[in-house]
Asker: 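Sharing a structure with you now.
Bear in mind that the values here come from a model prediction, so they are computed numbers and not experimental data. Count residues from 1 along the sequence.
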Amino acid sequence: MTFKDLKVAVYADGADIEGMKAMYASGYVKGFTTNPSLMKKAGVKDYVSFAKDVVKAIPDLPLSFEVFSDDFDTMEKEAKVIAALGKNVFVKIPIMLTDMTSTAPLIKKLSAQGIQLNVTAIFTSEQVQEAVDAFAPGTKNIVSVFAGRLADTGNDPIPVIKDTVRICKSKPGTMSLWASTREVYNVMQADELGCDIITTPNSVIEKLGGMGKSPIQGSQDTVLTFAKDIKSLGFSILS
């Protein structure tokens, strides 16, 4: 399988605007996601200014921006500000508050207002069902399952992803998303399982061109890399 064979839409996950522009120009990606942790890492100083700059630079692909607050009233106000940034914007709402209160009531309220949502930080099939049930019929939304982080806990994310694909298909306009991608093989897994979207860091997207190489080609490439680094080091084992 090569990149051109993929059915799943590849989104870039990051908050470095120059990197986002580069990915946009590359033609590999079909959308973009970001989150507070990525903004912190990228050194974003002003949320709204950053978001406006991104919408201006990328006006024709889906963009997901997350609310920052931890209470329903403030999250609703933030969601409206974010949604107003552009028709291609999805508002990211975590599936729960920090005290583990479900955000389903807020999701239902915002969806009823026609706001496009990306429900995030999902780890279980039950959470997927809860989010999808809250979406208003006829609206367009994304359900983001953190497959990589789930795997980091020692749990197999595949059964949850399978449930997610099935549940999302039950409500038209709802898209399943594989989040917290760790490697190119995750892209192939998401494609095989029927996910609508996979969001990946730039480091993974940059490797997509290598899809389709045979294992023996990978072996040779590794040896060639070693040889190049050996030459640059200038070391000698034998005196």
Side-chain angles (χ1 to χ4, degrees), residues 1-69 78-94 115-121 140-149 175-191 195-213 225:
M1 175 181 284
T2 67
F3 176 77
K4 292 181 180 180
D5 298 320
L6 293 172
K7 297 181 291 294
V8 65
V10 176
Y11 283 22
D13 195 30
D16 172 54
I17 191 165
E18 294 307 317
M20 295 173 80
K21 289 178 181 177
M23 285 298 106
Y24 179 54
S26 74
Y28 276 120
V29 303
K30 303 299 182 183
F32 293 83
T33 57
T34 188
N35 62 49
S37 296
L38 291 171
M39 288 184 183
K40 179 181 178 181
K41 182 178 180 181
V44 173
K45 302 299 182 183
D46 186 307
Y47 187 120
V48 176
S49 294
F50 163 75
K52 286 181 177 178
D53 288 343
V54 173
V55 173
K56 183 177 180 180
I58 307 170
D60 56 350
L61 292 181
L63 306 170
S64 290
F65 298 107
E66 189 164 341
V67 296
F68 268 26
S69 296
E78 291 175 341
K80 291 177 180 178
V81 170
I82 294 170
L85 293 172
K87 293 182 179 179
N88 58 328
V89 171
F90 285 74
V91 179
K92 293 182 76 173
I93 302 290
I115 293 176
Q116 299 180 135
L117 302 174
N118 180 340
V119 182
T120 188
K140 194 174 182 180
N141 304 285
I142 299 171
V143 174
S144 294
V145 177
F146 278 54
R149 292 198 185 199
M175 295 171 282
S176 54
L177 184 151
W178 176 307
S180 64
T181 301
R182 302 292 192 247
E183 55 196 8
V184 170
Y185 186 62
N186 294 154
V187 180
M188 298 174 69
Q189 289 177 301
D191 188 76
C195 288
D196 296 300
I197 305 165
I198 183 167
T199 184
T200 72
N202 290 1
S203 59
V204 172
I205 293 174
E206 290 164 358
K207 297 177 183 178
L208 291 177
M211 286 182 64
K213 282 187 179 181
T225 299

Asker: What residues form a side-chain contact (heavy atoms from CB on, under 4.5 Å) with S203, not counting sequence neighbours?
Answerer: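 For S203, the residues satisfying side-chain contact (heavy atoms from CB on, under 4.5 Å) (neighbours in sequence not counted) are P201.
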Asker: Would you call V55 and F65 a side-chain contact if the rule is heavy atoms closer than 4.5 Å?
Answerer: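 A side-chain contact exists here, since the closest heavy-atom pair is under 4.5 Å.
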Asker: Sorted by first residue and then second, give each salt bridge (charged side-chain N to carboxylate O under 4.0 Å, His left out) pair with at least one member in residues 1-26; sequence neighbours left out.
Answerer: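 Qualifying pairs, neighbours excluded: K7-D191, E18-K21.
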Asker: State which residues pass side-chain hydrogen bond (donor to acceptor under 3.5 Å, both in side chains) with T199; sequence neighbours excluded, sorted by chain then number.
Answerer: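 For T199, the residues satisfying side-chain hydrogen bond (donor to acceptor under 3.5 Å, both in side chains) (neighbours in sequence not counted) are T33.
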Asker: Does any N or O in the side chain of Q116 come within less than 3.5 Å of the main-chain N or O of V89, such that one atom is a donor and the other an acceptor?
Answerer: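 Flag set: sc Q116 to bb V89 pair under 3.5 Å.
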Asker: Going by side-chain hydrogen bond (donor to acceptor under 3.5 Å, both in side chains), name the residues that satisfy it together with Q189, two or more places apart in sequence or in a different chain.
Answerer: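 Per chain and number, Q189 pairs via side-chain hydrogen bond (donor to acceptor under 3.5 Å, both in side chains) with N186.
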Asker: Does any pair with a residue in residues 196-207 pass salt bridge (charged side-chain N to carboxylate O under 4.0 Å, His left out), and if so which ones, sequence neighbours excluded?
Answerer: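 Of all non-adjacent pairs touching residues 196-207, none passes salt bridge (charged side-chain N to carboxylate O under 4.0 Å, His left out).
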Asker: By ring pair (Phe, Tyr, Trp, His ring centres under 6.0 Å), which residues pair with Y47, not counting sequence neighbours?
Answerer: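 Partners of Y47 under the ring pair (Phe, Tyr, Trp, His ring centres under 6.0 Å) test: F68.
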Asker: Scan residues 50-64 for pairs that pass salt bridge (charged side-chain N to carboxylate O under 4.0 Å, His left out), counting only residues two or more places apart or in two chains.
Answerer: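 Every pair satisfying salt bridge (charged side-chain N to carboxylate O under 4.0 Å, His left out) with a residue in residues 50-64: there are none.
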Asker: What pairs with K140 under salt bridge (Lys or Arg N to Asp or Glu O under 4.0 Å), at least two apart in sequence or on another chain?
Answerer: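 K140: no salt bridge (Lys or Arg N to Asp or Glu O under 4.0 Å) contacts found.
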Asker: For M188, check side-chain contact (heavy atoms from CB on, under 4.5 Å) against everything at least two apart and list the hits.
Answerer: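 Once residues adjacent in sequence are excluded, the partners of M188 under the side-chain contact (heavy atoms from CB on, under 4.5 Å) criterion are M1, Y185, M211.
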Asker: Could you name each residue pair satisfying ring-ring contact (aromatic ring centres under 6.0 Å, His included) that touches residues 21-46, not counting sequence neighbours?
Answerer: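 Sorted result for residues 21-46: F3-Y28.
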Asker: Suppose we screen for salt bridge (Lys or Arg N to Asp or Glu O under 4.0 Å). Which residues come up paired with R149, at least two apart in sequence or across chains?
Answerer: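 R149 satisfies salt bridge (Lys or Arg N to Asp or Glu O under 4.0 Å) with no other residue.
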Asker: Which pairs with one or both residues in residues 32-48 pass salt bridge (charged side-chain N to carboxylate O under 4.0 Å, His left out), sequence neighbours excluded?
Answerer: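 Passing the test, one end in residues 32-48: no pairs.
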Asker: Could you state the interatomic distance from OH (Y11) to CG (L63), rounded to the nearest 0.5 Å?
Answerer: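 Those atoms lie 9.0 Å apart.
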Asker: Taking N35 for the side chain and K92 for the main chain, is one N or O donor matched with an acceptor at less than 3.5 Å?
Answerer: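 Flag not set: sc N35 to bb K92 has no pair under 3.5 Å.
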